[in-house]
S.K.: 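Just dropping this structure here.
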Amino acid sequence: MTVMKTSMRNFFAHKGRMALSAVAVLLSVAFVCGTLVFTDTMNTTFDKLFAATSSDVQVSAKGASDTGETQADNGKPPVMPASVLGEVRKAEGVKSAEGTVFSTSVTVVDADKDSLSPSGGAPTIVGNWNANDARTMKISSGNAPRGPDQIMVDADTADKHHLKLGDEIGVITAVGTHRAKVSGFAEFEVTNPGAAIFYLDTKTAQKALVGDTGVYTNVNVTAASGFSDAQVKKNVTATLDSGYQIQTAKEVADANAKDVGDFMGVMKYAMLGFAGIAFLVGIFLIINTFSMLVAQRTREIGLMRAVGSSRRQVNRSVLVEALLLGVFGSVLGVGAGVGLAIGLMKLMGATGMNLSTDDLTVAWTTPVVGLLLGVVVTVLAAYLPARRAGKVSPMAALRDSGAPVDAKSGVIRAVLGLVLTGAGGYGLYLASQADKASEGSMWLGGGVVLSLIGFVVIGPLLASGVVRVLSAVVLRIFGPVGRMAERNALRNPRRTGATGAALMIGLALVACLSVVGSSMVASATDQLDKTVGTDFIIQSDSGQLITPQAVQAARTAEGLKGVTEYKWTEADFTTPDGKTLEKTAITAADPSYATDLNTETVAGNLKDAYRPDSMSVHEEFAKAHGISLGSKISVAFKDGSTARLTVRAITSSEVVIDQGAMYTAIDTMAKYVPADKMPLDAMVFASAKDGQEAAAYKSLKTALDDYPQYTVRDQTDYKEALKDQIGQLLNMIYGLLALAIIVAILGVVNTLALSVVERTREIGLMRAIGLSRRQLRRMIRLESVVIALFGALLGLGLGMGWGATAQQLLALEGLKVLEIPWPTIIGVFLGSAFVGLFAALVPAFRAGRMNVLNAIATE
């Protein structure tokens, strides 16, 4: 009871000093709980949607995925003959059955040819209005489509794009472009996660999506009373032949949920990883806080020991304070996590994914996990300071507070830090010398962890040297105030090292990812310059295949020297070693592609791969299956017959563009695949006549104006698009790392605040002998700046080392250019100085307001 009373008294006596540590715990717990609530809510939303929209039994065409999504190489959805509907209706237990047709391989535009597709990555779906949809959607305005000139739109999409009744809409598919006017709007009865849905009448949907009115993509079955879904599935299966996929509502919902669950799992664990980084940074803040509090209470603890308190009681007293801090911060963090999840839902709504707070899901495990993590991490972080507190002797009551640390332990720490840093550096060296990326990645991971721990442990030793160097450059120009700031930063190297380490972790990751991202862009750009001989690249950013009509339109552009088509499909390969490799990708292109992309070959000439019944393979594939020039490979094309192709070229596996591709001619593929099953082009390349590049670029864009689903890029545009894609990914990661950096800034604030309290009497004496308030505040700000720059220097240096090593592994995959993004690195370093200034505002203000006499009288 005495220990608890002492702990409670100390905790509330220093509640101001504990506040920032509590905020660090709060933020970290909030990130974890917010992630769990957000992902659970998304799963609940999708589960409800899938359960509501699934018919009792669903019959899908051959080739459809388990989730019912339709995607085929020819741009049309897999279909079944309309006669299947009649056969299904005859099966026992079928109350009703309805044929449906839909496709996700579509682009929908308004009258100005602007896309109506979601911006957040959700699908665009066009299908026929049917009874199953009528169960989950309510017509809120207008009417359902009644003819080829009418289309109905979901209300969310209509609101987002300000559509009105009578507005013209274009549905662009592999069949062509179908235009219709908005006849009505339909609202979801369940939450729509963001898909854009458009409805046509059945015959129009068949013509627009498939080009044939005698087919369906699915048959939705309603079970009669007294029959389970499983019984109806069994009866329908017995009625039909084996060429169809038949699933119950639960099976369809489970398949959809698995797809969403896999994606959400990756998102959840990625976000939890960043939360873990924030927790790691928070550990340094908590260690620093309790270390300084213990140092400031040395005399108090000595008196407690003198009057009979045991080491164990003192130790427990500090740990109980940490427990109170962990519980307080974690409880607030759980509540903040729910608020964060709601904020994420609103943010997703701004990007097009609608999530309703009605589906907010807070599982009982979420607050439990948050509380356990927050409390356990806080108590563990306070263990070392508590152990030090237990070692305080009764004689400490006669000494000043803040006694110097044990010199012996400092030496041991320095040696251990050097050993760990050396081991980490050796791991990074081994990673850079690896022959295979998979082997090197293990050394890289070990090197990163050991070097990080080594820098953390060796921080106090580095602080003594690095801070002096930084001070000579940054602080000496401020005269005596700058020298005092330097001495304050060096007064306790352990504290400075721990504070700098908290900032170091976040900035090391920023620097590493910046180097990797810049190197990827530079390598890809270098490859484009060296290998891509074509002037223009035509493709769909949404993944829609390029129709023959669009290819023909491209050929009409003026100033073009040639157009190259590029397709790919899957085939079953039987190699000379007798192995059969199912669903292996094979690329078919016009012979001109051999000059459009100057792919390096290790044997043969790539142009020969485009001869009749010929192909190329890449080097790793050739080695794995004993293939050489002249080898024969049996290629069973999907939706076609089997070809016996001769290997005429072996390409290098160390390329970036089309890495691992195996080529054949389009004419060769057409020989074995029926015309109606031939894949559409995935990309199209065009080359301009000499000196006519600008005119050809403009003409090509004009020629494809009626095909807004495709984008025309020259090499400059393509490089910029690549840079933007990687930049967006990095910005998202930087945003997640921002939490760790915020916690690190709190650490600087807390260190300075506690340092000011520790130096109260000293500050009073300096003020008494003539130091002005302005000079005092400047001294504290400069101390903060140099600590922040110390952490930034370590973090950026360490991160660049990690990034350079990672690039060496990427070089094994063809990304051979190392580029250090100096503007980013320098910007982050200078930004750290502003972080230091910001962190010092409150502590400096409080120090400046101290009463001189009261400060001098402080014990």
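Index from 1, following the sequence. Worth saying up front: this structure is predicted, and the values here are computed from it rather than measured.
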S.K.: Enter the distance from I139:CD1 to F185:CZ here, rounded to the nearest 0.5 Å.
M.R.: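 CZ of F185 is found 12.0 Å from CD1 of I139.
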S.K.: Is there a side-chain contact (heavy atoms from CB on, under 4.5 Å) between K250 and D229? Walk through the geometry before answering.
M.R.: CA-CA 9 Å; K250 185 178 185 306; D229 293 353; over 6 Å; no
S.K.: Over all heavy atoms of both residues, which pair between V334 and P367 is shortest? Give the atoms and the distance, please.
M.R.: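 Closest pair (atom of V334, atom of P367, distance): CG1-CB, 3.8 Å.
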S.K.: How close do G370 and C33 get, counting heavy atoms only, and between which atoms?
M.R.: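 Distance-wise, the nearest heavy atoms are CA-SG, 3.7 Å.
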S.K.: Consider side chain to side chain donor-acceptor pair (under 3.5 Å). Of T45, T44, T366, which one does T361 pass it with?
M.R.: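 Result for side chain to side chain donor-acceptor pair (under 3.5 Å) with T361: T44.
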S.K.: Do the side chain of D572 and the main chain of K583 share a donor and acceptor less than 3.5 angstrom apart?
M.R.: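 Flag set: sc D572 to bb K583 pair under 3.5 Å.
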S.K.: Can you tell me how far apart CG (N143) and CE (M152) are? Round to the nearest 0.5 Å.
M.R.: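 The distance works out to 8.5 Å.
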S.K.: Rounded to the nearest 0.5 Å, what's the gap from CD on Q544 to OH on Y707? Could you check?
M.R.: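 One gets 12.0 Å once the value is rounded to the nearest 0.5 Å.
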S.K.: For the residue pair F637 and V635, establish whether any side-chain heavy-atom pair is separated by less than 4.5 Å.
M.R.: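 F637 reaches V635 side chain to side chain.
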S.K.: Begin with the C-alpha distance, continue with both residues' side-chain angles, and end with the deciding distance and a verdict on side-chain contact (heavy atoms from CB on, under 4.5 Å) for I633 and H625.
M.R.: CA-CA 10 Å; I633 298 178; H625 300 286; over 6 Å; no
S.K.: Determine the minimum heavy-atom distance between T587 and A661, stating which atoms define it.
M.R.: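 Heavy atoms only, the tightest pair is OG1-CB, 4.2 Å.
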S.K.: Looking at D40 and K268, is any side-chain nitrogen of the basic one under 4.0 Å from a carboxylate oxygen of the acidic one?
M.R.: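 No.
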S.K.: Do the side chains of I246 and L240 get nearer than 4.5 Å, heavy atoms only?
M.R.: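 They are in side-chain contact.
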S.K.: Scan side-chain atoms only and decide if S117 and T124 contain a donor-acceptor pair under the 3.5 Å cut-off.
M.R.: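 The answer is yes; a qualifying pair exists.
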S.K.: Against Y244, only a single residue in V88, N218, V219, V84 fulfils side-chain contact (heavy atoms from CB on, under 4.5 Å); can you say which?
M.R.: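 Considering V88, N218, V219, V84, a side-chain contact (heavy atoms from CB on, under 4.5 Å) with Y244 is found only for V84.
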S.K.: Under 3.5 Å, is there a donor-acceptor pair between the side chain of E565 and the main chain of V551?
M.R.: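 Here the side-chain-to-backbone pair does not exist.
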S.K.: Without hydrogens or angle criteria, can the side chains of D133 and N130 be said to hold a donor-acceptor pair below 3.5 Å?
M.R.: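 Distance-only check passes for D133 and N130.
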S.K.: Is a donor on one side and an acceptor on the other found under 3.5 Å between the side chain of D154 and the backbone of I197?
M.R.: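 Yes.
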S.K.: Do V101 and V79 have side chains that get closer than 4.5 Å, going by heavy atoms?
M.R.: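 V101 vs V79: side chains apart.
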S.K.: Please round to the nearest 0.5 Å and tell me the distance separating atom CZ of F102 and atom CG of N128.
M.R.: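 Reported to 0.5 Å precision, the distance equals 10.5 Å.
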S.K.: Return yes if some donor-acceptor pair links the side-chain N/O of T222 with the main-chain N/O of K95 below 3.5 Å, else return no.
M.R.: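 Not at all, since once roles are kept as given, no pair shorter than 3.5 Å links the two residues.
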S.K.: Please report the C-alpha distance between F274 and T35 in whole Å, then the side-chain angles of each, then the deciding distance to 0.1 Å, and finally whether the side-chain contact (heavy atoms from CB on, under 4.5 Å) criterion is met.
M.R.: CA-CA 10 Å; F274 287 101; T35 297; over 6 Å; no
S.K.: Taking all heavy atoms of K76 and all of A174, pick out the closest pair and write down the distance.
M.R.: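 Residues K76 and A174, closest heavy atoms: CG-CB, 4.3 Å.
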S.K.: Treating Q709 as the side-chain partner and S540 as the backbone partner, does any N or O pair qualify as donor plus acceptor under 3.5 Å?
M.R.: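 No; judged by distance alone, with no hydrogens or angles, the pair does not exist.
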S.K.: Please check: side-chain N/O of N235 versus main-chain N/O of E92, any donor-acceptor pairing under 3.5 Å?
M.R.: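 Between the backbone of E92 and the side chain of N235 there is a qualifying donor-acceptor contact (under 3.5 Å).
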S.K.: Could you tell me whether the side chain of D56 reaches within less than 4.5 Å of the side chain of V232, counting heavy atoms only?
M.R.: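 Sidechains of D56 and V232: no contact.
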S.K.: Is the Y199 ring parallel, tilted or perpendicular to the W129 ring (thresholds 30°, 60°)?
M.R.: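 Ring orientation, 0 to 90° scale: perpendicular.
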S.K.: Under a 4.5 Å cut-off applied to non-hydrogen side-chain atoms, are V182 and L165 in contact?
M.R.: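 The answer is yes, as the side chains (C-beta and beyond) meet within the 4.5 Å cut-off.
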S.K.: When you measure from the side chain of Y710 to the backbone of L545, do you find a donor-acceptor pair of N or O atoms at a distance under 3.5 Å?
M.R.: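 A pair under 3.5 Å: yes.
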S.K.: Under 6.0 Å from the NZ atom of K90, do we count more than 12 heavy atoms belonging to anything else shown?
M.R.: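 Open.
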S.K.: Considering only heavy atoms from C-beta outward, does the side chain of L209 approach that of V175 to under 4.5 Å?
M.R.: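 Contact flag for L209/V175 side chains = no.
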S.K.: Would you say T217's side chain and A61's backbone share a donor-acceptor pair under 3.5 angstrom?
M.R.: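 No.
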S.K.: Between the side chain of S641 and the main-chain N/O of Y672, is any donor-acceptor distance below 3.5 Å?
M.R.: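 Side chain of S641 to backbone of Y672, a donor-acceptor pair under 3.5 Å: yes, one is there.
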S.K.: Looking at NZ of K207 and NZ of K203, how far apart are the two atoms once the value is rounded to the nearest 0.5 Å?
M.R.: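 Rounded to the nearest 0.5 Å, the NZ-NZ separation comes out at 7.0 Å.
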S.K.: Has E98 got a side-chain atom pairing as donor or acceptor with A131's backbone, closer than 3.5 angstrom?
M.R.: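 The answer is yes, because a donor-acceptor pair under 3.5 Å joins these two groups.
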S.K.: Is there side-chain contact between T177 and D706, with heavy atoms separated by less than 4.5 Å?
M.R.: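 The answer is no; the side chains never approach within 4.5 Å.
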S.K.: Which heavy atom of A196 sits nearest a heavy atom of F198, and at what distance?
M.R.: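 A196 and F198 have their closest heavy atoms at CB-CE1, 3.9 Å.
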S.K.: Supply the atom-to-atom distance F188 CZ to T136 OG1, rounded to the nearest 0.5 angstrom.
M.R.: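 Atom-to-atom, F188:CZ and T136:OG1 are 7.0 Å apart.
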S.K.: Determine whether more than 12 heavy atoms belonging to other residues, nucleotides or ligands lie under 6.0 Å from atom CZ of R713.
M.R.: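 More than 12 within 6.0 Å, yes.
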S.K.: Considering non-hydrogen atoms only, spot the tightest contact between V57 and K233 and give its length.
M.R.: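 Closest pair (atom of V57, atom of K233, distance): CG2-N, 4.0 Å.
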S.K.: Verify whether one side chain among S60 and Q58 offers a donor that lies under 3.5 Å from an acceptor in the other.
M.R.: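 Yes, side-chain donor-acceptor contact under 3.5 Å.
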S.K.: Are L116 and L163 packed together at the side-chain level, in the sense that at least one heavy-atom pair is separated by less than 4.5 angstrom?
M.R.: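 With C-beta onward as the side chain, the pair touches.
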S.K.: Please walk me through it: do F573 and M662 pass side-chain contact (heavy atoms from CB on, under 4.5 Å)?
M.R.: CA-CA 11 Å; F573 284 27; M662 293 185 276; 3.7 Å; yes
